[in-house]
Amino acid sequence: MTFIVFEGIDGVGKTTQINLLQDRLTAAGLRVLVTREPGGTRLGEIIRGVLLNPVHSEMAPETESLLYVAARAQFVREVVRPALADGMVVLSDRYADSTLAYQGYGRRLDVARLGEINGLATGDLHPALTVLLDLPVEAALARTGAKERDRLEQETGAFYQRVRDGYLALAGANPEQYLVLDAVTPPEELAAVIWERVGGMLHPVQ
Ligand code: TYD
């Protein structure tokens, strides 16, 4: 039915907002699928294991990109499209923009070329809305601080700064597609703003 994606650097609070939106959508009588890449696909889980394992320190940025995109191809076909076809609202924690932000801006690969392979992987399935939760890098990293870090999370603050700036550049280039929110705002307030926007999309002029 509708595809909504949450993006942002690690630690901005995407999971909390996805859960709050899910509650509101469900209360409004909609069927909701909450998911995240690779969404439980068998092949995607195998790929994710390779991507996040700190032992693969030699992984080239190009390899990393193609693996994320490969997992996405499977995710779209096995999870997202069937749920949309079944009339569900799909909320995804990350999607194609993560590759543009992390591998494009973060790893400094060509963003336009990554966009092309994303298009191949997704069959050009774009979300109806992308909620970008934005937070200064130090604040976001502080929130992720306690847990054990995966391969990506071992990156430096400079990397995350490029990723953050990358997300803001993507949103700035296509403002109608994004709802950009300051993730310092208390979670309930953020949830209210997101609900206002999503509610407007689901019930156009009444
Ligand atoms: P994710 O499983 O969403 O972890 P987290 O809960 O920490 O956000 O993503 C794992 C890491 O993979 C995260 O650091 C972001 C990164 N990533 C990319 O670099 N490129 C991508 O295309 C995706 C989907 C994720």
Side-chain angles (χ1 to χ4, degrees), residues 3-19 22 33-41 43-57 59-80 90-122 125-127 130-135 137-167 169-170 183:
F3 183 27
I4 300 171
V5 170
F6 286 72
E7 294 278 3
I9 58 174
D10 307 78
V12 291
K14 296 189 296 296
T15 311
T16 304
Q17 289 307 320
I18 289 173
N19 292 339
Q22 176 187 24
L33 176 72
V34 170
T35 187
R36 59 190 310 178
E37 297 188 336
T41 67
L43 287 170
E45 294 296 347
I46 294 170
I47 295 169
R48 180 183 162 89
V50 175
L51 276 165
L52 299 185
N53 190 337
V55 89
H56 302 313
S57 55
M59 192 183 298
E62 291 79 2
T63 312
E64 181 179 283
S65 304
L66 291 167
L67 288 174
Y68 274 115
V69 173
R72 182 165 306 129
Q74 210 58 35
F75 172 69
V76 167
R77 283 158 188 80
E78 284 188 38
V79 179
V80 182
V90 178
L91 306 181
S92 182
D93 185 338
R94 301 192 180 284
Y95 187 58
D97 280 354
S98 281
T99 302
L100 303 183
Y102 280 76
Q103 281 65 53
Y105 290 91
R107 301 277 191 230
R108 304 184 203 271
L109 294 185
D110 189 290
V111 174
R113 293 180 85 178
L114 292 174
E116 285 171 20
I117 59 167
N118 263 334
L120 173 74
T122 62
L125 176 70
H126 296 290
T130 303
V131 179
L132 173 58
L133 297 178
D134 180 58
L135 199 63
V137 171
E138 310 72 52
L141 289 184
R143 290 196 198 176
T144 61
K147 64 172 187 174
E148 200 178 324
R149 296 183 165 225
D150 64 37
R151 197 177 56 83
L152 266 287
E153 288 165 352
Q154 291 176 351
E155 278 301 334
T156 61
F159 172 83
Y160 280 102
Q161 188 62 55
R162 290 198 298 278
V163 176
R164 180 193 183 197
D165 293 344
Y167 272 126
L170 291 170

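What you are looking at is a predicted structure, and each value in this text was computed from that prediction instead of being measured. Any value given below was found using the heavy atoms of this structure, including those in side chains, with hydrogens, waters and symmetry copies removed. All ligand and atom numbering here is 1-based and tracks the order in the structure.
- Residue Tyr68 holds the heavy atom nearest to atom 17 (N) of ligand 1 of all those in Phe6, Phe75, Tyr68, Tyr95.
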The test is side-chain contact (heavy atoms from CB on, under 4.5 Å); show your working for Asp134 and Val12 and say whether it passes. CA-CA 7 Å; Asp134 180 58; Val12 291; over 6 Å; no
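- Ligand 1 lies out of reach of Glu64, whose nearest heavy atom is not under 4.0 Å from it.
- Ligand 1 has a nitrogen or oxygen under 3.5 angstrom from a nitrogen or oxygen of Arg36.
- Here Gln103 has side-chain heavy atoms under 4.0 Å from ligand 1, and that is the only part of it that gets that close.
- Between Tyr95 and the choices Val76, Asn118, Thr130, the side chain to side chain contact (heavy atoms under 4.5 Å, CB included) rule is met once, by Val76.
- Ring-plane geometry between Tyr102 and Tyr160 is classed as perpendicular, the angle between the planes exceeding 60 degrees on a 0 to 90 degree scale with a lower cut at 30.
- A salt bridge does not link Arg94 with Glu37: every distance from a Lys NZ or Arg NE/NH1/NH2 to an Asp or Glu carboxylate oxygen is 4.0 Å or more.
- Distances between N or O atoms of Arg48 and those of ligand 1 include at least one value under 3.5 Å.
- The heavy atom nearest to atom 14 (O) of ligand 1, out of those in Ile9, Asp10, Thr99, is found in Asp10.
- Per-residue contacts place Glu37 under 4.0 angstrom from the following atoms of ligand 1 (heavy atoms of the residue considered): 24 (C).
- At least one donor-acceptor pair closer than 3.5 Å links the side chain of Arg77 to the backbone N or O of Ala121.
- Between Glu7 and Lys14 there is no salt bridge, since no side-chain N of the basic residue sits under 4.0 Å from a carboxylate O of the acidic one.
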